[in-house]
Amino acid sequence: MSEQQTQHAAFGRPIPAPPVSLETEEFWKRARDGRFAIKRCVSCQEAFWYPRAICPLCHSSETAWEDSPGTGTVYTYSIVRTFPTGPFAIGFVTLDEGPLVLTNFVDFAEGDLAIGKRVKVRFVATDNDGPPAPVFGPA
Amino acid sequence: MSRPPRACIAGAFEHPLRDAPNATTTQLHYEVARGALDDAGLGFDDVDAYFCDGAVPGFGPLSMIDYMGLSNVRHADATELGGSTYIGHVGRAASLIAAGKCKVALITLAGRPRQRKEALMFAPAKGSGLTDGAPEAGFEHIYGGITVALYAAAAMRHMYAYGTTSEQLAWVKVAASHHAQWNERAFLRKLVTIEDVLKSRLISDPLHLLDCCVVTDGGGALVVVAPEVARSLKRPVIQVIGTAEAPGVQSGGRNVDLTRSAATITGPAAFAEAGVKPADIKYASIYDSFTITVLIQLEDLGFCEKGHGGRFVADGGLISGVGKLPVNTDGGGLCNNHPDNRGGMTKMIEAVRQLRGEAHPKVQVPNCDLALAHGTGGILGMRHSAATAILERTG
């Protein structure tokens, strides 16, 4: 894992501090170390998103964290033009492990963001000293 | 076709206001209840089942029932399916009636989103402690996942997958405006052109301002009754012949297709129960939170092949008297009314008007005896809901 933290939020949009729960504490602890984690089911072996204590595919309560390279392709996106803090890009990435992930896209020039583009995770600081949040930019 | 008598819609009422600074939300619930009961020729004491959504003021249905003085209710229900809730309510009420649990079900919706000054945004986490809220919040809300952005992302994928164009999406709005020009209560009555839609400002690529529904105060109500009650009233008999509801879920991010909705489940189920097919439907109310919503639902319900929605709606395909399928002849959520950001109620109401022959003469479908109402609640392609109701005039 070598994702460096950048201070540049998506199209200048500040990301609020994520709510952290008992089920997601480990995700955000790893995020502070620049590690992007996903959950995989010990029983059915499938990776899933968003992270939670149980597997939504086979309903097992045995699930494990694993570090992911955070690589995937853009499934779809939109650029929100009318937002109080300025335009930003939002959309979904299909991770190479399979799950579809909602995220913000960063470091794309206007017009370069497209469905099918390869992307890789990076972390951006969040408001109020919250843990850094994963976003995706050009691979 | 012969089938046992089914629950009937005896009363329907759309609140005349689109901007309601001078009444509480609870008052609006009362006003629409009174309107729908008057329409049916029934009174508050006849009501033995009450349905509302999960966002009503106070303690679920209890506050509403107590406020209105409904003293004979034996079934109280707060359902939260988002904007499709009220179409789902009709199916639930029909099931209760079929089971002999009630005879007169009242369904109300009211809200005043125009009076809220703050933007509709998710509240940020406060402090550094652990939270115990929506399980997905840390992975979705922080990214600014506002409703329009996610429907826009669905539209982008639909364009990518099927070659759908902004012009085709614009036809949905143009059709709505053709209908709204005759509706004196419509929030937007101006006839618009494809060019008007495409030249309106981009809100969230590829959706323009005129691809988005209106924000209105107000509400509506329905009265669903047992068949013997319907026969005793002076109104036309509108039977509920097929209903279905289904949540659409993400399956751990492993089975998400933003170009499809849970209408792929509710459409076939409702048509099977009704014993009719899409080609038999003479009028359809299709939830139009955004233009893309209509396209995807028409495909999923089987009115056209998947991916052909753009061609189906183009060239006036949804305009009454012009196109293949008259849709949202009140002007829909895009032009007429979208009370409390929840479109299912007004979809049912216009379907009832059409079946009674009470739509505006300029948009009334001739001999309209079979209609469908469908809604998508929540966020299309993520966790959302679908609800379908097929109605037939039998007397």
Side-chain angles (χ1 to χ4, degrees), chain A residues 10 13 15-25 27-28 38-39 41 46-53 55-58 75-85 87-92 94-95 97-104 113-116 126-131 133-135, chain B residues 118-119 121-161 201-209 212 249-259 290 292 379 381-383:
Chain A
R13 176 180 170 270
I15 294 183
V20 179
S21 79
L22 280 170
E23 293 188 66
T24 63
E25 238 181 328
F27 178 91
W28 299 108
I38 60 173
K39 265 289 184 86
C41 178
E46 294 291 339
F48 60 86
W49 187 264
Y50 57 91
R52 71 200 80 170
C55 171
L57 298 164
C58 78
Y75 172 78
T76 188
Y77 70 96
S78 178
I79 297 168
V80 180
R81 303 282 172 181
T82 52
F83 204 70
T85 53
F88 69 95
I90 187 170
F92 293 86
T94 309
L95 290 180
E97 292 90 344
L100 198 69
V101 169
L102 180 69
T103 193
N104 288 145
L113 181 55
I115 292 173
T126 62
D127 295 345
N128 302 323
D129 298 322
V135 296
Chain B
E118 76 278 16
M121 279 304 300
F122 306 107
K126 290 198 178 71
S128 54
L130 293 178
T131 62
D132 196 10
E136 68 275 12
F139 305 95
E140 295 180 8
H141 301 178
I142 62 168
Y143 297 113
I146 53 176
T147 308
V148 63
L150 295 166
Y151 279 80
M156 195 72 89
R157 184 73 195 184
H158 201 277
M159 290 176 162
Y160 172 83
R201 71 177 193 276
L202 267 175
I203 300 295
S204 192
D205 305 8
L207 299 182
H208 300 80
L209 178 65
C212 305
V249 295
Q250 290 190 327
S251 305
R254 299 305 298 270
N255 186 26
V256 185
D257 180 348
L258 262 71
T259 69
F290 302 96
I292 183 64
I379 310 271
M382 297 182 63
R383 59 195 69 73

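We name chains A, B, ... by the order of the sequence lines, and we start the count at 1 in each one.
- Contacts between B/Leu207 and chain A at a heavy-atom distance below 4.5 Å are absent for every atom of the residue.
- The aromatic rings of A/Trp49 and B/Phe139 lie perpendicular to each other, with more than 60° between the two planes, well past the 30° mark.
- With a 6.0 Å cutoff to the six-membered ring centre and a 45° limit on the axis angle, B/Arg157 counts as a cation-pi contact of A/Tyr75.
- Using a 4.5 Å cut-off between heavy atoms, A/Ser21 touches chain B through backbone and side chain atoms alike.
- Within the 4.5 Å cutoff, the side chain of A/Val20 has no heavy atoms near those of the B/Thr131 side chain.
- With chain A as partner, the option from B/Met156, B/Arg254, B/Glu136 having the largest number of non-hydrogen pairs under 4.5 angstrom is B/Arg254.
- Residue with the most contacts toward chain B among A/Val101, A/Thr103, A/Leu22: A/Thr103 (heavy-atom pairs, distance under 4.5 Å).
- Residue contact with chain B, scored on non-hydrogen atoms closer than 4.5 Å, is absent for A/Pro131.
- A side-chain donor from one of B/Ser204 and A/Ser78 sits under 3.5 Å from a side-chain acceptor of the other.
- Using a 4.5 Å cut-off between heavy atoms, A/Ala114 does not touch chain B at all.
- Residue contact with chain B, scored on non-hydrogen atoms closer than 4.5 Å, involves the side chain of A/Pro56 exclusively.
- Looking at A/Leu57, the atoms closer than 4.5 Å to chain B (heavy atoms on both sides) all sit in the side chain, from C-beta outward.
- Cation-pi geometry between A/Arg81 and A/Phe83 is not satisfied (NZ or CZ under 6.0 Å from the ring centre, within 45° of the ring normal).
- Note that CD1 of B/Ile292 and OH of B/Tyr151 are 11.0 Å apart. Values are rounded to the nearest 0.5 Å.
- When heavy atoms are compared at a cutoff of 4.5 Å, A/Glu46 approaches chain B by way of both its backbone and its side chain.
- In this structure, the side chains of A/Leu100 and B/Gln250 stay at 4.5 Å or more apart for every pair of heavy atoms.
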